[in-house]
Amino acid sequence: QVQLVESGGGLVQAGGSLRLSCAASRRTSSTYTMGWFRQAPGKEREFVAAVTGSTTFYADSVKGRFTISRDNAKNTVYLQMNSLKPEDTAVYYCAARGFSDYSTYREPGQYPYWGQGTQVTVSS
């Protein structure tokens with residue numbers, strides 16, 4: 001089992017930046033896929049970004065603004081969010097699964113491990 005804990009959320013003005021962190025309870029191998037998802041009130045949970053090894057994936061809505069990265073020594077994955085917009089407001093969740101995949105990483109149902117979420121609020 002993998003325990004995930006997110007941190008780094010908060011309130012920021014439009015155009016500002018935040019860096020989210022997701023700490024895992026144990027080492028994840030290069031075959032693990034680490035993902036970020038978000039859910040706004042009244043909306044379905046949606047894919048934001050994922051990383052498998054050195055390969056990264058992004059939702060079209062965040063390309064060029066968000067960057068996902070991983071520090072293997074700290075068992076931590078990060079989401080750097082720049083040029084934030086009010087529509088980025090949501091609870092952000094970290095997720096993990098124990099294998100590499102290059103097709104189903106966008107689907108929340110494919111991830112067995114989830115963090116508790118961290119709130120990101122972008123004011124206009």
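Values reported hereafter were calculated over all heavy atoms of this structure, with side chains retained and with hydrogens, waters and symmetry mates removed.
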I want to check something: taking the side chain as every heavy atom from C-beta on, are L79 and T67 in contact at a cut-off of under 4.5 Å? no
So which atom in A24 and which in V2 form the shortest heavy-atom distance, rounded to 0.1 Å? CB-CG1, 4.1 Å
Non-hydrogen side-chain atoms of V51 and T33 separated by less than 4.5 Å: no
Side chain S61, main chain A59, donor-acceptor under 3.5 Å: no
Could you walk me through whether E87 and V122 pass side chain to side chain contact (heavy atoms under 4.5 Å, CB included), step by step? CA-CA 8 Å; E87 52 262 45; V122 184; over 6 Å; no
Test side chain to side chain contact (heavy atoms under 4.5 Å, CB included) applied to C94 and V77, step by step: CA-CA 9 Å; C94 180; V77 65; 3.8 Å; yes
Do the non-hydrogen side-chain atoms of M34 and L4 ever get within less than 4.5 Å of each other? yes
N/O donor-acceptor pair under 3.5 Å between T89 side chain and T121 backbone: no
Under 3.5 Å donor-acceptor, R45 side chain and R38 backbone: no
For the residue pair D88 and M81, establish whether any side-chain heavy-atom pair is separated by less than 4.5 Å. no
Around atom CD of Q116, are there more than 12 heavy atoms from other residues, nucleotides or ligands closer than 6.0 Å? yes
Check T118 against G9 and note the closest heavy-atom contact, atom names and distance. OG1-N, 3.2 Å
Looking only at heavy atoms, the pair that brings A96 and Y32 closest together is CB-CD2, 4.4 Å
Where at least one partner belongs to residues 8-22, residue pairs that pass side chain to side chain donor-acceptor pair (under 3.5 Å), sequence neighbours excluded: S17-N82
Might you point out which heavy atoms bring S124 and A14 nearest each other, and give the distance in Å? CA-CB, 4.5 Å
Contact check, side chains of R97 and Q110, non-hydrogen atoms, under 4.5 Å: yes
Minimum heavy-atom separation for G8 to L18, with atom names? O-CD2, 3.9 Å
In the single-linkage hydrophobic clustering (I, L, V, M, F, W, Y; side-chain heavy atoms under 4.5 Å), do Y78 and L84 co-cluster? no
Give the C-alpha distance, both sets of side-chain angles, the deciding distance and a yes or no for side chain to side chain contact (heavy atoms under 4.5 Å, CB included) between S69 and Q80. CA-CA 8 Å; S69 61; Q80 178 66 47; over 6 Å; no
Determine the minimum heavy-atom distance between Y58 and I68, stating which atoms define it. OH-N, 2.9 Å
Members other than W114 in its cluster, when Ile, Leu, Val, Met, Phe, Trp, Tyr link by side-chain heavy atoms under 4.5 Å? F37, F47, F57, V91, Y93, Y102, Y105, Y111
Test your reading of the model: is there a side-chain donor-acceptor pair from E6 to the backbone of G117, 3.5 Å cut-off? yes
